[in-house]
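So the structure is just underneath, and the comments pick up after that.
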Amino acid sequence: MKLYNTATRKLEDFKPLGDVVKIYTCGPTVYSTPHIGNYAAYIYWDLLVRTLIAEGYDVDRVLNLTDVGHLVSDGDEGEDKLEKGAAREGKSVWEIAEHYINIYLGDFRALNLLEPEKICRATDYIEQDKAAVDAMTKNGYTYETSDGIYFDTAKFAGYADFAHLDLEHIKAGARVDFNAEKRNPSDFAVWKFIKPGEKHAMRWDYLGRPGYPGWHLECSTIINAELGEPIDIHTGGIDHIPVHHTNEIAQTYAISGHELAKYWLHCNFINIDGQKISKSLGNVYTLDDLAARGFSPMDYKMWVLQGHYQGDRNFTFDSLEAAKARRLAWKNRIALTYQGDITSSTDISGIVEAVSNNLNSAEAFARVDGAVLSFEDWQNVDALFGLNLINDSPDISDAQKALLSARAEARANKDWQKSDNLRTELEATGITVKDTPTGQIWQYLH
Ligand SMILES: [Zn+2]
């Protein structure tokens with residue numbers, strides 16, 4: 001299996017560190033309904049896990065849910081996202097977190113994404129966060145300012161390496177209003193203090209005053225607690241490279257002296273109609289918005305997997321329509337196979353091989369299109385991509401079977417009017433029927 005490793009900027013042969021492949025995925029900040037662009041990342045990483053399983057690996061994956069302390073900017077300024085959500089909806093921050101965690105996990109299931117072995121809430125790791133800050137301080141990596149404990153990035157010699165940062169350039173370009181107490185522009189808070197009178201509902205006592213963890217910290221502490229570093233694969237979006245993941249690497253090194261991860265995978269953003277996803281453009285579509293236009297989560301998953309996680313993706317409703325049609329065509333090929341109309345089969349190893357090459361599902365899909373697959377092969381294809389092809393098919397209901405039998409009888413009696421009426425009845429249930437020399441064959445309409 002080959003993966004493009006952001007850490008080395010190379011396509012590499014994947015070699016696991018131990019018996020089980022340890023994977024960590026940076027999860028969502030749970031303060032609003034994720035849009036379809038957010039879910040693309042989880043679809044790509046679902047494909048990663050499914051491909052590893054197809055290659056015979058055991059996987060132990062952890063996903064975090066950021067339910068505290070993530071400010072609107074990647075840095076340490078701006079509003080807390082949870083507080084922002086609470087103010088918007090007139091709820092407590094805890095209610096906001098609970099509400100959006102449920103939405104996220106519901107969508108996760110609707111997209112048929114394999115559930116990670118552990119899903120961790122940041123608020124369950126506050127004691128570990130404090131111990132981590134203690135360790136970083138003891139090892140000489142932090143300093144205190146009036147608003148928190150900061151990581152001194154100048155103390156970590158490799159800080160700029162991961163993202164190939166130009167620290168001098170960052171220094172020169174730092175905004176004039178940048179926190180004057182910070183020693184370097186790239187320094188970041190590992191713990192924030194809550195000032196007297198400041199509204200921040202989520203708060204924990206540490207160093208004799210109320211505060212909350214910096215948002216980069218949870219990933220380092222959760223990985224340490226649940227997987228143990230170094231892990232095999234760390235995934236995220238390309239926007240995580242210069243700040244969030246760079247800071248995770250620095251923290252883990254400062255806490256334990258360990259490397260955080262061997263392989264780093266980052267997915268690119270999705271554009272919609274050639275533009276960035278943004279509220280002002282009115283193109284922040286959710287899965288519910290797609291459903292209102294007649295598209296299932298599986299149609300969207302099909303669309304995502306038609307492209308590559310590192311590619312420039314442009315979502316349009318026309319291309320989603322095409323993905324939906326392709327998935328329907330696959331379901332109908334399975335239906336034919338199930339009805340015994342397809343007897344020959346093709347080895348699917350070429351399909352697995354394509355996707356093992358840095359998750360090239362587009363190439364794998366082209367091979368599926370060109371292959372003649374047995375029903376068993378289709379089961380393997382469905383397990384590899386998680387497209388619910390078989391769950392939605394291949395069998396029809398007893399009522400549909402009864403209509404088909406009645407129609408066969410009508411045709412045997414040359415009662416063409418009745419036969420046509422029964423076809424219309426069948427189509428109202430979502431399938432149509434074709435007459436072949438060997439009898440009736442049903443096919444899905446959608
Ligand atoms: Zn993270």
Side-chain angles (χ1 to χ4, degrees), residues 5-7 22-31 34 37-42 44-46 48-49 60-76 78 80-82 97 100-101 104 108 113 116-126 128-129 132-133 136 151 153 156 159 161-163 165 186 188-192 212-256 258-269 309:
N5 189 353
T6 313
K22 297 193 280 187
I23 304 179
Y24 183 82
T25 296
C26 288
T29 301
V30 285
Y31 76 114
N38 299 133
Y39 284 124
Y42 303 105
Y44 294 132
W45 311 141
D46 185 63
L48 169 69
V49 172
D60 186 8
R61 183 159 68 127
V62 172
L63 170 83
N64 69 309
L65 299 172
T66 300
D67 56 356
V68 61
H70 184 171
L71 304 183
V72 170
S73 83
D74 255 0
D76 301 303
D80 179 294
K81 287 187 174 180
L82 269 292
Y100 288 107
I101 284 173
Y104 176 74
F108 211 87
L113 303 175
E117 279 59 34
K118 285 196 196 83
I119 296 178
C120 304
R121 294 186 187 201
T123 46
D124 288 335
Y125 293 82
I126 302 297
Q128 286 91 331
D129 289 340
V133 178
M136 284 187 270
F151 190 103
T153 53
F156 178 48
Y159 185 77
D161 295 352
F162 182 69
L165 296 175
S186 50
F188 57 94
V190 290
W191 190 268
K192 290 279 275 185
Y212 57 96
W215 92 272
H216 311 294
L217 189 56
E218 66 190 64
C219 294
S220 288
T221 52
I222 291 171
I223 288 171
N224 180 269
E226 302 299 344
L227 293 167
E229 63 277 348
I231 58 169
D232 290 283
I233 305 172
H234 195 311
T235 69
I238 52 168
D239 53 322
H240 288 146
I241 298 171
V243 181
H244 182 55
H245 287 167
T246 288
N247 291 351
E248 281 185 31
I249 290 167
Q251 287 168 159
T252 293
Y253 186 80
I255 295 162
S256 67
H258 290 154
E259 182 185 14
L260 185 54
K262 283 288 173 196
Y263 299 83
W264 290 81
L265 268 61
H266 291 97
C267 62
N268 204 349
F269 292 123
Y309 73 98

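Order of appearance sets the numbers: ligands from 1, and atoms from 1 within every ligand.
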**Message:** Please identify which of these residues, Trp215, Tyr159, Phe162, meets the side-chain contact (heavy atoms from CB on, under 4.5 Å) condition with Asn247.
**Reply:** Tyr159
Give a yes or no on whether [X] keeps an N, O or S atom under 2.8 Å from the Zn ion (ligand 1).
| X | result |
| --- | --- |
| His216 | no |
| His244 | yes |
| Cys26 | yes |

**Prompt:** Nearest to the Zn ion (ligand 1), which N, O or S atom of Glu248 do we find?
**Reply:** OE2
**Fill in**
When rounded to the nearest 0.5 Å, the distance separating CD1 of Ile126 from CH2 of Trp191 is 5.5 Å
**Fill in**
Exactly one of His258, Glu229, Gln251 clears side-chain hydrogen bond (donor to acceptor under 3.5 Å, both in side chains) with Asn224, and that residue is Glu229
**Request:** Measure centre to centre between the rings of Tyr104 and Tyr42, then say whether the value is under 6.0 Å.
**Result:** yes
